[in-house]
Amino acid sequence: MPQNEHIELHRKRHGQRLDHQERKRKKESREAHERSHKARKMIGLKAKLYHKQRHSEKIQMKKTLKMHEQRKTKQKNDDKTPEGAVPAYLLDREGQSRAKILSNMIKQKRKEKAGKWEVPLPKVRAQGETEVLKVIRTGKRQKKAWKRMVTKVCFVGDNFTRKPPKYERFIRPMGLRFKKAHVTHPELKATFCLPILGVKKNPSSPLYTTLGVITKGTVVEVNVSELGLVTQGGKVIWGEISPILSNVY
Amino acid sequence: RLKHFFVVVAYYMIPYVDVERLLIQFQDEAGEPLGSPFDVPLDITPDKLQLVCNALLQKEEPVPLAFFVRGEAEVVESLRVCVKALGVETEAVLPVVYQPQAVFRVRAVARCTSSLQGHTEAVISAAFSPTGKYLASGSGDTTVRFWDLTTETPQHTSRGHSHWVLTISWSPDGRKLASGCKNSQICIWDPVTGQQMGKTLTGHTKWITWISWEPLHLNPECRYLASSSKDGAVRVWDVVLGRCERILTGHTQSVTCVKWGGDGLLYTSSQDRTIKVWRAKDGVQCRTLQGHAHWVNTLALSTDYVLRTGAFEPADATINPQDQTGTFEELKEKALQRYNKVRGEAPERLVSGSDDFTLFLWNPAEDKKPLARLTGHSALINEVLFSPDTRLLASASFDKSIKIWDGRTGKYLQSLRGHVAAVYQVAWSADSRLMVSGSSDSTLKVWDIKTGKLHTDLPGHADEVFAVDWSPDGQRVVSGGKDKCLRM
């Protein structure tokens with residue numbers, strides 16, 4: 001590795017050997033032979049590494065050569081007809097709507113019929129009572145502690161009426177009552193905001209299920225009638241179950 | 001003859017003490033009065049009106065009739081209801097328009113008799129031959145398949161296209177089938193052998209959107225057909241010689257539909273928002289009809305059904321459909337008779353449906369201005385179709401509804417709701433009493449037009465239904481869709 005440019009300086013001052021070009025040409029043409037000699041004679045770990053590298057090099061070379069050849073010859077258009085045949089009136093229009101894709105996936109699922117009510121429930125940490133219910137003190141001296149207030153989001157339903165406040169043991173504040181849920185299709189990444197029909201199961205406790213408390217891992221039923229999905233039997237699908245995937249605040 | 005007349009009328013002249021009476025004058029659709037006005041009780045029902053009217057018409061066999069008070073409200077239960085609804089004064093003579101209905105009655109299809117599999121890709125077009133004897137379907141797997149209707153099994157598979165078969169059309173004599181593909185080729189097939197007849201017709205540069213044959217009463221040999229394509233040109237082909245007779249250029253964008261009218265005029269609709277009227281003989285453009293605000297998707301002629309069936313009369317259909325027999329002259333005569341009967345005095349009417357959510361009713365042979373603009377849909381209109389008796393018009397739209405309009409004036413009649421996704425195609429039964437619609441939600445629905453209600457729901461397809469057809473002899477409905485099978 002030359003430090004400074006004395007080699008170049010020499011070349012500039014004195015020129016090159018008279019047979020420099022000739023020698024260069026011949027050396028380059030010998031390179032192929034030398035390479036093959038080395039490849040044959042090499043042994044051991046060094047050989048293994050060299051052969052591996054050379055193999056990948058050769059593959060690349062073959063690919064580029066093939067590409068060049070294809071460019072030169074005029075290829076006939078691909079014979080296979082593309083998928084997704086549509087009638088003439090749909091040709092100039094955009095592809096399927098989201099709901100259509102959804103319905104395809106749902107039909108697939110129905111066909112499999114595997115675990116109709118099963119839903120991928122992540123392993124959730126059971127939420128303790130102190131976390132979900134807050135103690136409300138009542139009475140003249142604020143000593144009685146039989147009332148509880150739910151601190152998590154809950155769903156109550158359309159025809160919900162509170163019990164008389166004197167006898168209410170569980171308070172579900174209005175601010176924490178939700179009617180709609182954002183439902184995402186995991187594969188298509190399409191999200192819809194759909195009304196909730198009911199809480200099917202809360203993994204922490206059956207008490208929470210009856211109260212309608214929604215925490216991470218709760219399985220909830222939503223109303224999908226606005227997506228216009230139809231079963232093969234011709235019935236319109238109007239309810240779907242899905243789990244809550246993240247903590248709801 | 002007079003005696004018979006009096007006997008019938010006398011029955012109603014028996015005086016009831018407290019029944020109100022009304023003077024009515026029967027009129028036909030054109031407004032010509034029939035007989036003289038006479039007195040009927042207000043409670044008279046349509047059957048009794050029918051008896052009276054038939055007696056007046058003095059036909060050999062009684063014809064089923066429908067009655068409309070003043071041409072607007074139909075008499076369904078009794079005259080009293082109509083009069084009350086319209087608020088007509090009972091002193092003056094009330095005009096009652098009578099309309100002969102089809103003598104035969106098509107029964108609604110109720111169940112799926114078979115699922116015809118065989119196509120390896122989505123079925124995108126399906127059509128019965130004019131007599132109902134053959135069934136052909138075109139699909140995305142580039143084949144046209146012929147199906148045997150008596151056993152409901154595949155008969156022939158016709159290969160010849162190199163891309164999706166987008167549109168198929170039967171010649172009016174039922175002996176040839178023309179199919180157009182996405183590679184802009186047209187092939188003619190023989191339904192009996194399944195072989196291609198003649199050469200492949202090439203010439204268009206982009207895919208074929210519609211094929212329309214010359215009507216039988218203009219040329220009984222069924223020699224010429226017109227094809228429209230995305231490249232904006234319409235070509236008239238001679239199938240015997242296998243070459244293009246004429247090229248009609250003028251549209252600046254894709255031509256979505258071409259119809260060969262019974263008067264020797266060609267009507268074309270295009271994505272450039274215009275409809276052009278051409279003379280078929282020399283290819284001269286007669287008129288341009290403008291008015292739409294977006295692509296014109298579909299056209300329908302009032303005489304469509306009779307041009308499609310040619311010399312075949314659905315009333316003469318038998319259980320086993322037969323081929324048309326007879327010399328060219330006989331067929332031409334019959335076809336001409338049928339055509340004149342359906343057309344009546346007025347020239348053909350044309351309806352166009354567009355992406356701008358409206359339809360226009362035109363009188364293209366005479367006028368550049370539309371007769372009526374039919375609004376009401378909330379999404380683009382995919383197909384319009386006149387009923388076989390030309391009195392009604394159905395429009396299928398992506399807003400999940402089908403609307404029925406009056407075929408003569410364009411007045412809105414009713415909306416048929418029931419589908420949960422875009423309605424793609426509709427088909428009328430031969431007696432104009434029933435209609436079937438296929439939709440993107442994979443169901444077909446049969447509607448009873450008289451009541452405006454759903455008659456039968458036909459689920460069963462696994463995916464969108466792309467093509468629907470009702471056979472002209474009324475026996476079967478075929479539907480094909482994305483799930484690659486045809487259902488009968």
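Atom set for the values below is all heavy atoms of this structure, side chains included, hydrogens, waters and symmetry mates excluded. In what follows, every chain begins at residue 1, and chains take the letters A, B, ... in the order their sequences are listed.
- Counting only heavy atoms from C-beta outward, the side chains of B:K230 and A:L91 never approach each other to under 4.5 Å.
- Neither the backbone nor the side chain of B:D141 comes within less than 4.5 Å of any heavy atom of chain A.
- In this structure, CG in B:N382 is found 6.5 Å from CZ in A:R93, a value given to the nearest 0.5 Å.
- A 6.0 Å sphere centred on NZ of A:K147 holds more than 12 heavy atoms belonging to other residues, nucleotides or ligands.
- Residue A:M174 qualifies as open at atom CE: its count of foreign heavy atoms under 6.0 Å is 12 or below.
- Across all non-hydrogen atoms, the minimal contact from A:G84 to B:W164 is O-CH2, 3.3 Å.
- B:T167 does not touch chain A: none of its heavy atoms, backbone or side chain, sits under 4.5 Å away.
- For the pair A:D92 and B:Q253, the minimum side-chain heavy-atom distance is 4.5 Å or more.
- Other residues, nucleotides and ligands place more than 12 heavy atoms under 6.0 Å from the CH2 atom of B:W213.
- A pairwise comparison of heavy atoms in B:A122 and A:A85 identifies CB-O, 3.9 Å as the closest pair.
- Heavy atoms of other residues, nucleotides or ligands lying less than 6.0 angstrom from CZ of B:R417 number 12 at most.
- With a 4.5 Å cut-off on non-hydrogen atoms, B:L380 touches chain A through its side chain but not through its backbone.
- Considering only heavy atoms from C-beta on, A:Y89 stays 4.5 Å or farther from B:L166 through its side chain.
- Under the 4.5 Å side-chain criterion, counting only non-hydrogen atoms from C-beta, B:K482 is not in contact with A:V86.
- The local environment of OH in A:Y167 is sparse, with at most 12 non-hydrogen atoms from other residues, nucleotides or ligands closer than 6.0 Å.
- Residue contact with chain A, scored on non-hydrogen atoms closer than 4.5 Å, involves the side chain of B:W295 exclusively.
- No more than 12 heavy atoms of other residues, nucleotides or ligands shown are found within 6.0 angstrom of CZ on B:R273.
- Using a 4.5 Å cut-off between heavy atoms, B:E383 does not touch chain A at all.
- Summarising the local packing, CD of A:E57 is surrounded by more than 12 heavy atoms from other residues, nucleotides or ligands at distances under 6.0 Å.
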